[in-house]
Each structure stands twice: as C-alpha cells, then as structure tokens.
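Side-chain atoms are counted along with the backbone in the values below, which use heavy atoms only and exclude waters and symmetry mates.
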Amino acid sequence: MRESPARHDLFRLPLPREFFDRSVVEVARDLLGRILVRVADDGICAGRIVETEAYLSRNDSASHSFRGPNRKNATMFLGPGLLYVYTIHARCCMNVVTEPEGVASAVLIRAVEPLEGLEAMARRRGTTKVLDLARGPARLCEAFAVHRQFDGWDLTRGEQIWIAACDTDPEPKDVGMSSRIGVTSAGDLKLRFFLKGNRFVSGPRRLSAG
DNA sequence: AAAACGATCTACT
DNA sequence: GTAGATCGTTTTG
C-alpha cells in the first residue's frame, strides 16, 4: 500500500488522556476506525481498528479486574490511557484501560486492518496472508510486536505504540454490536463492536444494531 | 504438587 | 461450525 505524507502526519497524533477517560462502552465504539501505530526496531506498522470488546470494570465477572487488583491485572486500576497486556494460551492480548483511575474497565482490541508495514507484520507472524496478519487479539499482538513488556505502557505519549487520533473512515461509522449474556455463572455481559462489512473482523458477525 | 481453567488459534469437514 | 492443541496462571489438596 502506498504511503502518503499526509496520512503519515495524521498517524503521528496520539489520542489524549481524555479520550480514554470515559465510559468503556463509549471508548470501545469510538476506537473503531482509529489507527494503531507501532514503531519498533524491526519495523514500523499501522492498522485500522475494526473490532473491539468492552470489559466492564470489576463488577463484571468476565473482567480480569473482577476480583480486585493483583500482580497481573494491576495496570487496569492505574487509570485511563494505559496499555494492559496479558497472556493467555501462551499468547498475548492487548487492552486499553478506560474510565477514571481505580475503576478498572478496559477495551480489548480484537482486530485491525493492516495499512502500513505489512512486511514487518508478515515477518513477525510467519505468514504473508493479509487476512491472517492481525485478525484476532493474539495475532494482532504478534504482528505488532506487543508482549507482556508493554503492560502499563502509556499510550498517550506517542512513542513506540499509540493510537492515532485520526479516523480513516469518518462518519457515519457503520458499527455493529453483538452482545451475549454469559452462559456460565453470574450473567457475564460481553459487548463486542466492529465495523460492519469489514472483512478483517473476526468470528461470526451475526447481530446487527449500531 | 497436581488439577483445572481460559478475553485463543489452527486445521479440518 | 467444531474439535483439539497449548501453556501460563490460578485454585485446590
């Protein structure tokens, strides 16, 4: 994909703290269309966020912060605009902490549409299939070289990794939402948002709305 | 020390 | 769409 100077300048502006200091659902929806930017020694890359999932603070048993702060989830309690990275199934997933300090709500970034630095992503992922580069939270982390070491990273600094304020797909956003009540124990509520019709969205894109 | 549990992925039908 | 792999973390004895 060709790289235009104008676009590159837009990628440079990190979203400010206030952006993240809002309701987690609001942030999850508003993150769609924004650009995730990664500057690393082994390559620069960027992608448009097409799928997110909101995790509602410690009142939601599906959230990692449900049982209160501990060694692993500490970042979630430290305030908006931080990156929370955790491991699962021997892989990493990245979250953006939202809402005021202590609330511990976060948005899981589930997929991006690769825009720039496809070569770097392909190298890190071990595949050249564009569809498989960053669709899925763990694949995304691998493609963008995000590991546990980035847990607690301040996204508003605009260094190494951040989310650009620009929106490549200005209004009106065609946002889809799929919610489901947890089948397990205490009714877990999951709120997944995605850009409708985008082929980089993972999983079943059933339900409409939005 | 052992067992169970995933905010997942891949392969395959 | 679903079964099976996979391994760090948490929970249990």
**Sequence-distant partners of A:Glu99, side-chain contact (heavy atoms from CB on, under 4.5 Å), two or more places apart** =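 Expected list: A:Ser23, A:Val24, A:Val103, A:Ser105.
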**Prompt:** Between A:Asp30 and A:Arg22, is the closest basic N to carboxylate O distance under 4.0 Å?
**Reply:** yes
**Request:** From the options C:dT9, B:dA7, B:dT8, select the nucleotide whose nearest atom is closest to the side chain of A:Ala138.
**Result:** B:dT8
**Prompt:** Taking the side chain of A:His89 as its heavy atoms from C-beta onward, which of C:dT6, C:dT9, B:dA7 lies nearest to it?
**Reply:** C:dT6
**Prompt:** Quick one: A:Tyr86 OH to C:dC7 C1', roughly how many Å, whole number?
**Reply:**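 Rounded to the whole Å, the gap is 14 Å.
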**Prompt:** Whole-Å distance between B:dG6 P and A:Asn73 CG?
**Reply:**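 Those two atoms, CG and P, are 16 Å apart.
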**Request:** Check the distance between C:dG8's C1' and A:Asn70's CG and give it to me in whole angstrom.
**Result:**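 The answer, rounded to whole Å, is 14 Å.
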**Request:** Name the closest nucleotide to the A:Arg67 side chain, picking from C:dT11, C:dT10, B:dT8.
**Result:**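 Taking heavy atoms from C-beta onward, the closest nucleotide is C:dT11.
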**Prompt:** Planes under 30° and centres closer than 5.5 Å, is that true for A:Tyr55 with the base of B:dA7?
**Reply:** yes
**Prompt:** Are A:Ile163 and A:Leu13 connected, step by step, through hydrophobic side chains (Ile, Leu, Val, Met, Phe, Trp, Tyr) whose heavy atoms are closer than 4.5 Å?
**Reply:** no
**Asked** How do A:Lys72 and A:Arg91 order along DNA chain C: which one's closest nucleotide is nearer the 5' end?
**Response**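 Counting from the 5' end, the first nearest nucleotide belongs to A:Arg91.
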**Prompt:** In dot-bracket, 5' to 3', how would DNA chain B read with Watson-Crick or G-U wobble pairs under 3.5 Å, [ ] for crossing ones and | for pairs to another strand?
**Reply:** ||||||.|||||.
**Asked** Nearest-Å distance, CG (A:Asn95) to P (B:dT8)?
**Response** 11 Å
**Message:** By nearest atom, which of the nucleotides C:dC7, B:dC9, C:dT10 is closest to the A:Ala90 side chain?
**Reply:** C:dC7
**Request:** Let me know the distance between CE of A:Met94 and P of B:dT8, rounded to the nearest Å.
**Result:**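 Atom CE in A:Met94 sits about 14 Å away from atom P in B:dT8.
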**Message:** Please confirm whether the shortest side-chain N or O distance from A:Arg110 to OP1 or OP2 of B:dT8 is below 4.0 Å.
**Reply:**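 Result: yes.
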**Request:** Verify the distance criterion only: is there a donor paired with an acceptor across the side chains of A:Ser202 and A:Arg135 at less than 3.5 Å?
**Result:** no
**Request:** Whole angstrom is fine here: how far is it from CD1 in A:Ile88 over to P in C:dT10?
**Result:**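 Those two atoms, CD1 and P, are 12 Å apart.
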**Asked** So, are A:Arg124 and A:Glu142 salt-bridged, with charged N and O less than 4.0 Å apart?
**Response** no
**Message:** Whole angstroms only, please: what is the CD-C1' distance between A:Glu142 and B:dC9?
**Reply:** 11 Å
**Asked** Can A:Asp9 and A:Arg12 be counted as an ion pair, charged N to O under 4.0 angstrom?
**Response** yes
**Message:** Using the ring centroid of each side chain, check whether A:His64 and A:Tyr86 are separated by less than 6.0 Å.
**Reply:**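 Yes; A:Tyr86 has its ring centre under 6.0 Å from that of A:His64.
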